[in-house]
Each structure stands twice: as structure tokens, then as C-alpha cells.
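Some notes on the structure that comes next.
Chain identifiers are assigned alphabetically (A, B, ...) following the order of the sequence lines, protein sequences preceding nucleic acid strands; residue numbering begins at 1 within each chain.
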2 protein chains.
Amino acid sequence: MSGDTTSRWVIGLADADGQDVGLLGGKGAGLASMARAGFPVPPGFVITTDTCRAYYARDKLFPEGLWTETLAAVEVIERETQKTLGGSSDPLLFSVRSGAAVSMPGMMDTVLNLGLNPASVEALSKLTNNPYFAWETYRRFVQMFGEVVFGAPADRLASATARQQASDGALTVSGEQQLVERLEKIILGHARRPLPHDPEEQLQLAISAVFDSWMNRRAIDYRRLNGIPNDIYTAVTVQTMVFGNAGEDSGTGVAFTRDPTTGEQHMYGEYLPNAQGEDVVAGIRTPLSLDHMADRMSAAHGQLVEIAGRLETHYRDMQDIEFTVERGRLWMLQTRAGKRSARSSVRIAVEMAEAGLISRQEAVTRVTPDRLNELLHRVVKPSPEDVVLASGLAASPGGAAGTVVFDADEAQQLAEEGHRVVMVRRETSPEDFHGLVAAEAIVTSRGGVTSHAAVVARGMGKCCVVGCEAIEVDYAQQLFTVGSHVISKGDWVTVDGSTGEVFLGEVDTVEPELDDHYARLMTWADEFRTLRVRANADTPEDATAARAMGAEGIGLCRTEHMFFVEGRIEAMRAMIMAPNAVSRAEALADLEPHQVADFEGIFEAMDGLPVTIRLLDPPLHEFLPRPDETLLRITNLKLRLRDATDLNDIDQLLEEINVLENVLDRIERLSESNPMLGHRGCRLGIAYPEITEMQARAIFTAALHCAERGISVIPEVMIPLVAFTSEFDSQAAIVRDAATRVFEEHGISLDYTVGTMIELPRAALIADEIAASAEFFSFGTNDLTQSTVGLSRDDAGRFLPGYIQRGLITADPFQTLDRVGVGQLVEIGVERGRRARPDLKLGVCGEHAGDADSIEFFHQTGLDYVSCSPFRVPVARLAAAHAAIATED
Amino acid sequence: MSGDTTSRWVIGLADADGQDVGLLGGKGAGLASMARAGFPVPPGFVITTDTCRAYYARDKLFPEGLWTETLAAVEVIERETQKTLGGSSDPLLFSVRSGAAVSMPGMMDTVLNLGLNPASVEALSKLTNNPYFAWETYRRFVQMFGEVVFGAPADRLASATARQQASDGALTVSGEQQLVERLEKIILGHARRPLPHDPEEQLQLAISAVFDSWMNRRAIDYRRLNGIPNDIYTAVTVQTMVFGNAGEDSGTGVAFTRDPTTGEQHMYGEYLPNAQGEDVVAGIRTPLSLDHMADRMSAAHGQLVEIAGRLETHYRDMQDIEFTVERGRLWMLQTRAGKRSARSSVRIAVEMAEAGLISRQEAVTRVTPDRLNELLHRVVKPSPEDVVLASGLAASPGGAAGTVVFDADEAQQLAEEGHRVVMVRRETSPEDFHGLVAAEAIVTSRGGVTSHAAVVARGMGKCCVVGCEAIEVDYAQQLFTVGSHVISKGDWVTVDGSTGEVFLGEVDTVEPELDDHYARLMTWADEFRTLRVRANADTPEDATAARAMGAEGIGLCRTEHMFFVEGRIEAMRAMIMAPNAVSRAEALADLEPHQVADFEGIFEAMDGLPVTIRLLDPPLHEFLPRPDETLLRITNLKLRLRDATDLNDIDQLLEEINVLENVLDRIERLSESNPMLGHRGCRLGIAYPEITEMQARAIFTAALHCAERGISVIPEVMIPLVAFTSEFDSQAAIVRDAATRVFEEHGISLDYTVGTMIELPRAALIADEIAASAEFFSFGTNDLTQSTVGLSRDDAGRFLPGYIQRGLITADPFQTLDRVGVGQLVEIGVERGRRARPDLKLGVCGEHAGDADSIEFFHQTGLDYVSCSPFRVPVARLAAAHAAIATED
């Protein structure tokens, strides 16, 4: 790739292999393809990415042979076009553009109209019989060259131009001439050298400038953010300028071969007569539709339509085309895969597959799983006037507007009265559950994308923004401030959970719609994937929603969420406050019928599909009221006591105070330094076996009730947070005993399995031991990430973003599975578990189960299923298909 | 081992192989050895442990052949003794005793004087010419047989005896006769069958009863608690009774071949004339010294001394001997290794090695490492009247008394005034550090053996009891209650950190002393061990103490402890409160000279030895005041503000309130849900690189100061809580840059290394990656246990004891390394780390570094050193020697 094969530095567009994007860059490869296919491409050549690499290897010197080859290539073009670089009769002008293998829009430099100087501008003037066009073009060149090549301050150049244009000299030849003089003076003052008039010197400097722009701050940052390697380098495309601004028979435009919004199969684009491409991009003039072009220059339009069709067939994808018409002649300036909406992306993929242009596999891989969110959730459509109050982490997609409320009870009440509310809190806790249910959207000022608010919101498909640090919530005054804005209870805000933005007031949102193309694509995806997709669902409603989204079972039913409902939390608290096992058993007996009813509803919704029910997991203090609120209530009661005179009142108040003080005492006793590592999961069931027994009874009672009604029930009972095999064995024994007893009572039985979460490193390491008695594993990758990386998901929000910003890690390990660390433990767990029990069923129920990159890993690791939030199910189905197709390749 | 070799059920003592403890049980083997060696052992036989196993396998039926063999063995003894079982002239009486391979004192059953009935008791009466002796012996038999074999209620039998003895009939023949009648009636009433008078039936039932007692509740519990397997079973020793109570020429006693308290080489024991062994054990009569026996029955005494010497030579260990003299004739009843004090254990081992009786290796393994604590720490010597207030976890050994204090400042003040104080708290935090330094002992009502209080106390060699759940601390009233006791500030308590007991008032304690035998034993231990032993020490004083204990360097110097000292904590807080990097740098500059001075002192104390300094580790909020205290101070200031009238006062108060409110705000912002998994360790240095830089500068400045004074400095800089290689690289770069700059400033340089803690599962899993740039690893097994097992050491105290009690785990994983889980990660870390860097230095600095069982594992895993609290260093040295010797075998 170096000096020995000299032809590698410079390749003429017509001679280049358009497939070799790595060598030619995206732009060069596109042009070369078009040139080879015989499309009208302005003559030009590509200086390859290898050349750029060699340039940096030589400490920014041209590699040997480059300049000679460049001059030779120029000569070829001069011959072909019959024009001469810097010529005084018919001058050849060049565009000099960057172009890496991966698109980095606007990050690197470009020089247009290269070749102009006092001599050639006169020639151009005469030739076009349009002195203003010639001098304006020259002025554009001077401004651009000065800025890009000599690094002259852009603002000074721009303001000089603006001043001139504002004065009388605007849009006149002499005005442009004066401006050129002024700009050249600024450039000289800055660069301490005059702008070269020798076109070859111009070219040499422009090529260097484009190379140099590969390593400018902006480009480096962009690559880091987008995971683009530094060592792919940029190519430089040098191409004959064509002029869309050469008169009324000229113009320029962009066209999509299909509608990028709807995906409909017709050419869609914009056209600007008598203009250069920059004018379209800059938005100075309002472009016309392509119909207008068809009317005014039907030949060129016809040719464009024909070429567009051929390009699409050639590239097997919708194309985004730039073109120019110079004095009636069509020139193709660029073609590339067009960006499109999610809806369009689905439709184009499906229609191309049905037309036989691409395979169904390819159609499936054409749609990025995460983009399905745009189809599944309401989308915020802000207008330019809408004010973004704050930006946080996009925790759960969708858009919604409502009045601000800070309290869960109030949220519920307002929602019942028909109001749309947005719940805003510093953070949320399980106590706020009913408020989250009632709210249209949730905003928290703290927490990361796996904080309580985020997890619950995703579970409900409700839009949510978390970690919105700029927001200062003041509960006492029932308002929040952000910068100079003060938003009080009752004020309207709009939340965009897909971007993380919170808007002031009510902003437009658009309803999602799922069309037939979506249905077809998902059917294909389901055919290709081997990984099953289940949902995490805690209520019959969630289960129904999940099934509608295509869930093939429930992989995680969190029984504790059932306890937070009004009327049950009281029984739960009585259970926790129970002074002994007897009163605990009584409180549990109150809860049992509720659990049975919930389980019945869930089993019914999942008729024929497996349902994994996790036994009680969170630390008990989560079910008690907040300590500060309890303290406040006690204080208030004491104030009332001070003023009370009636003896009955006094007795009553004393009694209430006593009860609350007991609660406070229990809260204090249950409080933990690190609850995540504390008394939770199966550790609860071991301390209070009666809880496990009650839950198991409820599961099997509900299952038998359903079975008696002809519903096919496949219960899987899951023991959480197992670290020691003995823990699993002891809990599993209680579950199996309860099953036996319930079956005996009913006189019938059914199949069920007992398994465990693998969510601690120790459990993964002893997976073989555990699998000796556990019938399935579900990897709880949230907790496994916390413990493996030693990172609290509730607290990491404060410093993890800094890690990503500094490049210490590439992704939030709570969003995208850390394959190296956590993934290694998953692999160990899978391997050892299967070794001990070859038919062990393996799934994952952490947040990662809805993340495309992580799903690829889970597929490769050989899991049987992933289980994610209901509204992530389609994303997971598609991602699983991608993973399966990628493995086949 | 069953019916085919019939001789396996029953073996005569004279024919048995005394080495086969597994088959004969400890007691049987000891007797057989003595019998074989020709010592006077009453004739008898052993029913083997195999027999007991077969008995249980046959659902508690005698295995085939057992009874025939037993009768044959009885016949042999009848021939030898010329006595007859149940005989009416010279009756043969038996003792029937249990005896497993492992001693389980008092857990199983025994029947004595078997063979007596109305006929043989008359014969015995005539033969001894002592009817009272005969009838008393018969009554003892009836009482024991009824209780042990027929399960008659012991209290009813005992109270019948007591009533009778209290009445006139006591100590008369007729009294004993009436008592036998009454006891037989009680037994009949309970068992619904009469006590058998047939001696063979008695024997058969007694053998069954001893077998059955293997599975009684008490024995099962004892085995579980002591880790003794259930399937080793018990043997039954049937032996001719000899009577120390046969007159004034008879007696019974126990003797140790050396002094069990001091280890001095002379026989030591007790003797009771005209008595049975039970009387010695029961403590009814005060025994005499063996000198008394030498005077009264010099022949028997001389024989005993001679036998004792031979036994010690035979068993190569100090023996605990039971003997009886029956009418002038010495009989040996039992020999076993004698229990002894730690001091005695050291002296005996050393003297036996020096006498050539055992090897030096054996001498070293004879002393249990943990028992060195008795030599190293003050010991509490309670008298029977002393009241144990509460028992908690023995967190740090030693004993101390003092007046109770609840506040660190007060503890410090009282200590400065010369008072001895015991600090009592619910739990402690780094803020209490100066109080812990000042206190004689520490008691907490919460927390486990690796809680803050426990770790700090062990570091200082200060006695400490934690998790004393019975204690209810009331800070407001400055008292604690436990049961009905109320202990107020200023009351005396005594703390035994070796047993976990807290006594009311001042209890005697004894000063430890280290003698020459200890020094010799430790020298040998150091010769055998290959694992190096360092200490965790944070101050020059700790370092000096550690070196005196034999530490070969510092494996963990926690720099944060330096910040808690008065005068520094203010600068630390200023650093945390700093609004920007500039004022943070200023506050750090204030801290730097203190760090330099501390490091100099430590380097000096460790001249020539390596010192591992860990960079700042705890979350920053630990350095701020407690939120509740701050709130209280604000409230008080506000109250004063209300009453203030002077404008200057008002300004001043407002300013103070403002400062404290800022502190409170920062506390709230820094507070974390799970601080253990939060913003700490190297995560701090990444957010605030200036902290790392300041610490590194201080380390290298101090090192050069020392080097200039001729001190040999070996600094090892340790980055804590690394999860990602990028974290290590980024921090190591700051450290290395600082070193280069400090070296340049001083114009000299020295060798140093930069390494990391491996304390997260992820770090162990990517050890190869980390070792590419880290020069040493120190396994932080406290945190590694927390994260691997998902267990907070501060919270686990609430439920881990229940786990151990229920047999779910055998040991607290924070005390004894969990080899299966955490150990596996250590092995992975060692293997991958060494693969990437063969000369990687590997150590461990968690609490496990002072635990003997864990040290064995660390030796096997191939670590270079362990680093423990200074006062555990001797324990670790000895344990390391044990591990090395065990590996050689």
C-alpha cells in the first residue's frame, strides 16, 4: 500500500473500484461507482486513504510520488474537459473534498472553486458572460480557502462579507471585487503570507488542509463519540466544478429515491434553480419541488429519474442523491444510502424484499431495533419556539405532556379527576408506585437509567427522563427551579423520553401507528431468531400488553409490586410489624387471596405460555413509610395533642403516636447501610419461611384454579439473590412442600419448575452446584452488573457519565452488558449450569434483555430466552433476529 | 467391615490395635494402647464404631453376630478376672461407655456398675464387708440406668434421692434400700416395664442406649457446631468396674503429665481417697494434691509417675490421665492428649522439640495460631459472681474495663484527663476515630466482625465487641439498657473481646507476657513459612508496633485515617466543600505537608521494608459531619438567632447558619443509597485527579526526605477499587507523572512500584489486562467478599448468624475466606495476573489475612504475602508456618 505501487496514491474516478470504500472513502467510492456505471459524473480523481495514512506517517509531508501523480491526474482531466487549471480562456475549477469510509458529516474540510485567480476569474467572466457570477464565485473561493487552508478567523471573514453585502456594494461586481481585496487583506494579516494565485499551489495546500482536518478536535471527538477508529483516515476527492448557478438553465438539488418519511416508492426531493449546492444546504432560499424541475427541464429530470432507479438497483438501498444541472446538462455529485424515518425504514426494507431486491434476512437487518421505539411510542414534535427546560437521561421512550405534580397521592387523585399529570421528583421509591401508574410521564432529578423510576416507567411503556440534574426540586414549596425558570405544581411541561428533554408548556406529540409493513417485518424476524423473547410483567394488564407485543411468556413477575397497591400495603406492613410468627402468619393470610387473584389473572393472560414468578425480593423497609414523613406525622400529632382537651381525643392521639413510633422504630431497625447488599432476596425467605410458603401456596392455588378452568398454566417459581446452594435448597424445599400440599388439597396436580436468579458473582461461579437442584436460571444482569463491577445503579449516575465522557468506558454497563466482566460470569454460569444439567433452561431478565447489543451477546452465549419490559419486546424480537442472522453469516 | 469378618464387632482391649482410633473411638484406642503396653488396665472390650454404623443401617437392630461375640468377650473377662457377671459370690460389674474418634465430652451416655441386682448386691456387700458401699453402688446404678436406658425423668429421680438423703435415711444401708425401691417404682411408672435384674439384659439395653445417644439432639448439635461428621459413629467400651471407693486404701484421680497452665515439666493433678471418678467430676468433695497420694500410697504413686512418663513418650504429647486405686492396686482408666493453656501449649511444644521427642515442625503445628491471642492480649478473669450483661461478636481480642461513654469527643477528653473509658455506640463511623483511639475498649450494638469498629479496633489491638444486639443505646439520655439493667454514662463495664462478653462493673484482667519459649517457637515458625507477613498500619506508631510484632513491611497504609485527625479534617472538609478546582487545590495544599510528615514517619519505622500506600478510598461524605448533628446545630443557631438583638451577632449567626446549610446541602448531595458501591476508591481520583496528584507528591517527597537521611525506602503506591483497566491506567499515569516531577525537583530518584487492589469480581476476571500495567496486586478480600457474595458487612450481622445457626453456611465469610466463591476469584486473579506478568507481586490485605484457615488457602494459592492488623501478625506468622508444613507433608 505504499510507494512501490505508485498508482495507490491517486486514482481517477473512472478507473477506481467503487466497492473499495476503505480506500476511496464513501464519497469517492460513490462517485467512482457512478462514473463506472456511465452516469454523468464531473471528471475527477481520488487521493486515497492510504495516502493520508502515509502523510501522517511522514509527519505531514506528502508521500513520495503523490504530487507527480496528482499533476498527472490533473492533466488527464484537462485533456478530457478541454479546460486548463488556471487557464485564461476556459479555466478548470476543482472542488476538493474530504471523505472517509464512514460518514462524518461536516466534521472535515472542503475547498470549492479552486483554481480561480485574478486571471482565471476574468476568463470565467468572459466565458459565462456573467461577471457577477465569476466574481462572486471568486469571492466564495477566497473566503473558503482563507478559512480552511490558512485558518483565518471565520467570523472576521464572514462579518467583512456581511458588512459589504449590507452596503451598496452588495450583489454588484465591484462590490464583490472590493470584498475580495478586503478578504485577502484579512488573510494576509492572519497568515503572514498572501493567498496564492498559482492554482497548483492552491491545490497542494488544499489537499494538505483536508488531510489535516482528519485530526482536528471536532473530528476526533466525533469519532470517539461514534466509535469510529482513528486509523481509517480520509480520502480526498478532487473533482471538476460544475455550476448550478450558471443561469436559468442551471440548478442544483437533492433527491431521495423513495420517500424518507413514509417510505413510499416515488422520488422525493428539492430543487433550486440557478444556485449552488451550498445554497440548498444553507437554507437561504426556499427550494422548489422536483415537479417544478420536471416542468422546467424535463430532459434533465427524466435522466435523473432513470439514474435514480438504476442507483437504487445498484446499491440495493434507497439513495440520497446530490445533483447539479449546468446549462441544461445533468451532473451527479453524490449518492449514498438515504437517512429515513423508522416507519420509512420498515416499509422500504419490506417492499425491497418483496420486490426481490434484497433478501428477507437483509430486510430484517436493515431496521435498527432501537428505532422501533419511534413506531411504538408517542413522539414529541417540538417547534423551534418551544423551550427546552432541561435535559436528562432518556430513560423510557415516548412523549407526553401534563401538569406538574410532586406527590404520588396527588398524582393519583388528579388522574382520577381526568387530569394529565407529569410526576416530578428527586427520585422515586416503591411507595410512589400508584403515582407513577397515574402519571403520563415521570421526571427525576437524580438516578440513572436503571433507577427505580426508569425501571418502572419502562415496564409500563411510560415516558420517563431521569438524572435531570439541572432541576432543583423543592417539595416544601411544591415547585422546581431550573436556571431562571420556576415551575410550580399545576404548570404544564412536556417530556420527551426518547431524547431526555423536558419542555416548558404543552408541546405537540404524535400518536404512533403500527402498519402492515411492521407486521410483516416482525413475522420475518420471528422466523429467523432462535432466542425466545419474554416480558417482565407484574400484573394481568402488563401481561396482556406484553402478549400483544409478541411476548412468548413472562420471564419475571415481581410479586412485590402487588403489595404496593392500596389495601394491600397495609397488610404487608402489618406482616412486617408483627411481633411474632403467629401475627406474621395472620397478616400473610390476609395477603394470600390478593396474590392468588393476581396470579390467576396473569396465568390467564399467558394461557399456554410459561410464567416465571419471583418470590419476594426487596428489603422489607421499602414497604414501610418514609422515615421523614413518619416523623412529620408524629410531630403533627404531638402538636394536636398539646391543644387537645377531650380525654377521648387525647387517648386516641396517644395511641396513634404510639403506633407511629413503633413504625419509626421498625424503620430504623430495618434501615441498612447498603440495602442492595443487605437483607433481601431469598435472605428474607430464610428469615421468614412463612412468606415463601404463603407465596408458593398462592402460586399453586392460582395455577390449579386456572387449570380447572381449562387454562394451560406453566408456572416457574424463581428464588432470588441466591449466593449459596443451601439457600436455594432450603427455599426450594418450602416451595415444593407447598406444591405437594396444595395439590393434595385439590386432588389434582400440574407440572412446575423451581429455579433461581443468577445475580451474584458467587452464584455464577457455583452454577454447577446450584444447577444440581435448580431447574432453570434467569440471569439478573442488573444486580450482577452491580456486584461484579461494584457499582450501585442508583448512585453511579453521578460519575459514570464522566467515565464515558473521558473515554474510560464506552457504554453505561447498566444499559449495554459489560461483556468482558459481567458477560464472562454469564458465560461461566451457562457453561457450568449446563454441564450439571444439560436441559437447564436459561434466560435473562435484567434491563439488558431489551438492549440490542446485549441481546447479540445473549444469543451467542446460547441462552434460551431474554425477558424485557413489554414495550421493549418488539425491539428484542428484532435484535434477536439480527443476532441469529449475524451468526449464520 | 461387616459380618464376614466377625471379629470386627467386638475386640478385646488387649487384642486391639490402639492406633485405630476410627474403629475403636478415642477412649477405646487409648485403653487398648495402654493394655498392649502392659499398663494395668481393667479388663474389657470394645464394640466398634462399625458396629454402631451397622446398628443404624439395620434400623437400630443389633447386627448379626454382635450378641454372640459380646457374650464370648464377657466370658473371656470372667475367666481372666475370676468373677461372674451377676454372680452371687464375686460379681463382675461393668462400665459401659461411649467413645467416638473425636472427643465429644458429656454429649453421649454412660452406664456404670452394670451387673448389679438384688442377688449380686448382697454378694458385693459380703465380699467387701461394706453393705453401705454395695447398696449405694446399686442405687447409683438404678438411678443411672433408669435415666439413660429407660429415659426416666432425671429430675424426678434426682429429687427422690435428694429427699431421701435429706431425711434420716441418708448414708444408711436401709436408706439406700428404700431409695432403690422408690427409684424402681418411678422407673416402672415411666417405662411401663420393670428395671431388668438379668445382667445380660442390662448389658444389651445399655449397649443400645449408648448407640442411640449418638443421635440425640445434644450430640447432633454439638457435632454440627464443631464440624464433626455424623457418619463416624461411636464405639462402646465395656470394661470391668474398679472401685476407688472400696475403702481408705482406695482412691481415684486425674493427672496431667505436665502442668497444663504453665507447661512446666512435672506431673500435676488431683486425687480423692475412697471415692469414685464421678465424685471428682461432680466437685462434691475437694480433691487433694498428688503429693498427698505420694505420702499415703507411695507404691501406686510411683507406678503412676512411671506410667505417666512412658505414656508421654508413647503418645509424644502431654497426657491427661484418669486412674483409680482399688485396695492399693493402680488401674489406668483413660489417657488422652491434655488440654492446656496457650502459654503451656507453647512451652510444652518447644521443650518436647528440644528434648527430641517431636520435630520442630511438629512443635510449630502443636500451637493453634488463634491461641496466640491469649499470649498477646490482656485476658479477662471473671469470678463466678461477675454478671455478664450481654454477649456479642468477639471482634478484637483482649480485655479491658472502663467507664461507659457514648461520644467520641467525650471519650477523648476523659482519656486525656486520665480516665479509662469504654466507648459504647450503635455503630461507629470514621468520625469517631479519635474516640476509638482514646477508649480502652469498644462495644457496638450493631455490625459484624468486619464493621468499622471491629476493623479499627483490631488495627489498634484494642478489645472490641460488636453486634451486641441485646444492648439498646439511647444517645439522648446517654445510657444503654440491656434487659432490666440500665447503664448510664460513667458506669463501669468490662469488655472481653476474646469471648464477646460485656460484664457489669470492673472485672479482673491479667496482663499478657511473652516468654522465651514463645520467641523460640516463632523463630522456628519463621524458618518454615514461605508466605511473608506484613501489617496494615496507618500511622508511624502502628508501623512501629507492627514491626515489633514481626511484620515484614506494610501491606496496607490507609491514607484516609490520617485525615480524621483534628486540624486536618477541617482542611479535608474545605477540599470537599470547594466550589471549584482552584479552591480544591488550595485545600489540598494545606493537607500535603501533613501527609508528607506521616509518610516520613512510616517509612522511617519500616526502614528497609516495603510500604504499600493506598490512595484515598472512602466516599467523601464520610469526612463530613453527621447530617443529624449538623441539623441540630443549625436548629440551635436559629433559636439563638430568634433571641439575638445585636446586629453583629445576627450577622455572625446568619453567616454560621449559611455555612452549615451549605455543609448540609453537600452532605445531601453526596449521600448515596449504597455507598459501598458508590463514588469511592479510584473513582474519587478520577473525578478529582488533584487528590491523587497531591497524595502521590506527598509519598515521593516523603520518600526522598527519608532517602536523604539514609533510610531505605520501598514505596508501593496502590490504586483502590479498580474495575476497569482504564481506571488503573489513568490513575497510575498521574502517580508516575508526580514521581517524575518530584524526582526532578530533588535531583534524585528511587525505585517504586504502582499496583492495585483486586477487590471487585470484575478486577479478578480481567487481572491479565490490569497486570499489563500494574506491578503488584493486593487482594482486598473484605470488599471482594462483599461484592462476590452480595453481602454488606455492615448489614449482614442481622442475618448471617441465623445462617450459621441453621447450618446454611459453616463460617462467617468475612472471618474465614469463602474458598469456593471468593477464593475462586482470588485463584483466577493470581493465575491471570501472573500469566501477564510473571514477577507480579501478590498479597492480600483484607481481614482474612489474619485468619488461619484463610492463610492456609493464601499459601496454597501462591501469594507472596498476607497483610493483617499488627496484633494479628504473630498469628499470621504461625498460621503461615502451619500452611507451609502441611503442604510439605
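Taken to the nearest 0.5 Å, the CG atom of Leu791(A) stands 9.0 Å off from the CG atom of Leu721(B). Here Glu472(A) contributes atom CD and Asp665(B) contributes atom CG; the two are 7.5 Å apart, rounded to the nearest 0.5 Å.
Interface remark: Glu769(B) contributes side-chain atoms only to the contact with chain A (heavy atom separation under 4.5 Å). Heavy-atom distances place both the backbone and the side chain of Ser673(B) under 4.5 Å from chain A. The parts of Glu668(A) that come within reach of chain B are both its backbone and its side chain, each placing non-hydrogen atoms under 4.5 angstrom from that chain. Of the atoms belonging to Ala687(A), it is backbone heavy atoms, and not side-chain ones, that fall under 4.5 Å from chain B. Contacts between Ser730(A) and chain B at a heavy-atom distance below 4.5 Å involve the side chain alone, from C-beta outward. For a residue to count as touching a neighbouring chain, one of its non-hydrogen atoms must lie under 4.5 Å from one of that chain's; by this rule Asp783(B) does not touch chain A. For chain A, no part of Leu784(B) is nearby; none of its heavy atoms comes within less than 4.5 Å. At a 4.5 Å heavy-atom cutoff, the contact between Arg426(B) and chain A is made by side-chain atoms alone. Residue contact with chain A, scored on non-hydrogen atoms closer than 4.5 Å, is absent for Arg680(B). Within the 4.5 angstrom heavy-atom criterion, only side-chain atoms of Gln824(B), from C-beta onward, approach chain A.
Among the candidates Asp729(B), Thr725(B), Asp818(B), Ile809(B), the residue making the largest number of heavy-atom pairs closer than 4.5 Å to chain A is Asp818(B). Chain A forms more heavy-atom pairs under 4.5 Å with one residue of Glu727(B), Arg683(B), Glu672(B), Gln786(B) than with any other, namely Arg683(B). Among the candidates Ser787(B), Ala723(B), Gly681(B), the residue making the largest number of heavy-atom pairs closer than 4.5 Å to chain A is Ser787(B). Considering only heavy-atom pairs separated by less than 4.5 Å from chain B, the leading option among Leu765(A), Val822(A), Asp794(A), Asp795(A) is Asp795(A). If you tally non-hydrogen atom pairs under 4.5 Å between each of Gly807(A), Gly790(A), Ala796(A) and chain B, the highest count goes to Gly790(A). In terms of heavy-atom pairs under 4.5 angstrom with chain B, the leader among Ala763(A), Gly821(A), Pro761(A) is Pro761(A). Chain A forms the most heavy-atom pairs under 4.5 Å with one residue out of Ile766(B), Ile686(B), Val820(B), Leu825(B), and that residue is Ile686(B). Between chain A and the residues Met676(B), Arg793(B), Glu427(B), the most heavy-atom pairs under 4.5 angstrom are made by Met676(B).
Enclosure of atom CD in Glu629(B) by more than 12 non-hydrogen atoms of other residues, nucleotides or ligands within 6.0 angstrom is indicated.
The side-chain heavy atoms of Asn674(A) and Pro675(B), taken from C-beta on, include a pair separated by under 4.5 Å. With a 4.5 Å cut-off on side-chain heavy atoms, Leu684(B) and Phe799(A) do not count as touching.
In this structure, the side chain of Ser726(A) engages the main chain of Leu808(B) through a donor-acceptor pair within 3.5 Å. Panel note: side chain Arg798(B), backbone Gly678(A); no donor-acceptor pair is recorded below 3.5 Å.
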